[in-house]
Amino acid sequence: MTIHTTAVSSSIATRRGLSSVRIAGCKLPESYCEFAATHGYGRFGGLVIIYSGVPEHPDSLLAQGARVKGFIDDAIAEGCFEFEPDGDEVVASRLYPFAASENGEYFVWDLNEKRADEYSIYCVGARMAGLRYAAESLGELLEKLCSASIKNVMGPGYTPLLPTFEGL
């Protein structure tokens with residue numbers, strides 16, 4: 001899929017820098033590293049903010065991801081997380097966020113479901129209302145978000161996004 005860049009990112013990570021980043025002891029998935037080194041931090045399809053791979057950035061995987069991980073963990077502990085249709089408490093407890101929609105959904109990796117150099121991706125519904133399997137890689141996720149499959153990932157109220165990226 002060709003992604004049309006509308007503005008250059010202020011935070012583009014290097015492959016070398018990304019290779020040293022660890023989340024809960026896990027390396028970053030290859031598809032994310034490719035995206036972060038090419039496009040950087042910004043908004044995909046006018047809706048989805050993909051966190052920066054630069055650790056010092058305030059909206060980085062490490063800073064923002066850890067903050068949202070705390071929200072997820074709190075929602076599970078307080079019984080406010082809905083696991084249907086594709087998850088349960090075990091799956092939800094091992095998720096780590098890497099992106100968020102402006103409507104409140106989070107895109108997360110299941111750090112225990114590794115295939116080659118990728119982790120399974122899930123979409124956490126706004127206000128922790130549902131957990132849906134989304135894709136096997138960031139590239140597959142972006143393709144689904146730009147097709148009718150967005151309804152299976154984010155819900156029936158969504159229409160396909162345009163394959164655009166606006167660096168922030």
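If you're wondering where the values come from, they're calculated on a predicted model, not measured in any experiment.
Rounded to the nearest 0.5 Å, atoms NE2 (H39) and OG1 (T5) are 5.5 Å apart. Atom NE2 of H4 and atom OG1 of T164 lie 8.5 Å apart (nearest 0.5 Å). Here S93 contributes atom OG and F83 contributes atom CZ; the two are 8.5 Å apart, rounded to the nearest 0.5 Å. To the nearest 0.5 angstrom, E34 atom CD is 9.5 Å from S137 atom OG. Annotation: the span from M128 atom CE to L131 atom CG amounts to 10.5 Å, rounded to 0.5 Å. Taking CZ of F81 as the start and CD1 of I76 as the end, the distance is 5.5 Å to the nearest 0.5 Å.
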Pair up each side-chain donor or acceptor in residues 151-162 with any protein partner under 3.5 Å, not counting sequence neighbours, and list the distances.
| from | atom 1 | to | atom 2 | distance (Å) |
| --- | --- | --- | --- | --- |
| K151 | NZ | P156 | O | 3.1 |
| K151 | NZ | Y158 | O | 2.7 |
| Y158 | OH | N103 | ND2 | 3.0 |
| Y158 | OH | E105 | OE1 | 3.1 |
| Y158 | OH | E105 | OE2 | 2.6 |

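F107 places none of its side-chain heavy atoms less than 4.5 Å from the side chain of I49. With a 4.5 Å cut-off on side-chain heavy atoms, E118 and E140 do not count as touching. In this structure the side chain of I23 reaches within 4.5 angstrom of the side chain of L62, judged on heavy atoms. The closest side-chain heavy-atom distance from L145 to L141 is below 4.5 Å. Using a 4.5 Å heavy-atom cutoff, the side chains of L111 and C26 are in contact.
Between Y41 and H57, a ring centre-to-centre spacing shorter than 6.0 Å is recorded.
Without hydrogens or angle criteria, K69 side chain to P97 main chain gives no donor-acceptor distance under 3.5 Å. At distances below 3.5 Å, at least one donor-acceptor pair connects side-chain atoms of S10 with backbone N or O atoms of L168. For the pair K144 (side chain) and A134 (backbone), a donor-acceptor distance under 3.5 Å is present. Within the 3.5 Å criterion, the main-chain N or O of S19 finds a donor-acceptor partner in the side chain of R22.
Both W109 and V91 belong to a single network of hydrophobic side chains, linked directly or stepwise wherever heavy atoms of I, L, V, M, F, W or Y lie under 4.5 Å apart. A continuous path of ILVMFWY side-chain contacts below 4.5 Å connects L47 to M1, so both sit in one hydrophobic cluster.
Contact record, G139 with S31: N-CB, 4.1 Å, taken as the closest heavy-atom pair. For the residue pair G53 and P55, the shortest heavy atom distance occurs at O-CD, 3.2 Å. The shortest non-hydrogen separation linking S60 to Y51 is C-CB, 3.9 Å.
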So F35 and F44, ring-ring contact (aromatic ring centres under 6.0 Å, His included) or not? Walk me through it. CA-CA 11 Å; F35 187 92; F44 179 81; 7.0 Å; no

ring-ring contact (aromatic ring centres under 6.0 Å, His included) between Y96 and F98: does it pass, once the steps are laid out? CA-CA 7 Å; Y96 193 88; F98 67 90; 9.3 Å; no

Pair F165-L142, side-chain contact (heavy atoms from CB on, under 4.5 Å): steps then yes or no: CA-CA 11 Å; F165 181 78; L142 299 180; over 6 Å; no

side-chain contact (heavy atoms from CB on, under 4.5 Å) between V108 and Y119: does it pass, once the steps are laid out? CA-CA 9 Å; V108 296; Y119 303 105; over 6 Å; no

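Side chain to side chain, Y122 and D110 fail the donor-acceptor criterion of an N or O pair below 3.5 Å. Side chains of S120 and E136: a donor-acceptor N/O pair is absent below 3.5 angstrom, by distance only. Side-chain contact annotation: S11 with S52, donor-acceptor N/O pair under 3.5 Å present.
The pair R132-E84 fails the salt-bridge criterion, with no side-chain N (NZ, NE, NH1 or NH2) lying under 4.0 Å from an Asp/Glu carboxylate O. Between E82 and R127, no side-chain nitrogen of the basic residue sits less than 4.0 Å from a carboxylate oxygen of the acidic one, so the salt-bridge criterion is not met. Between E30 and R15, at least one side-chain nitrogen of the basic residue sits less than 4.0 Å from a carboxylate oxygen of the acidic one, meeting the salt-bridge criterion.
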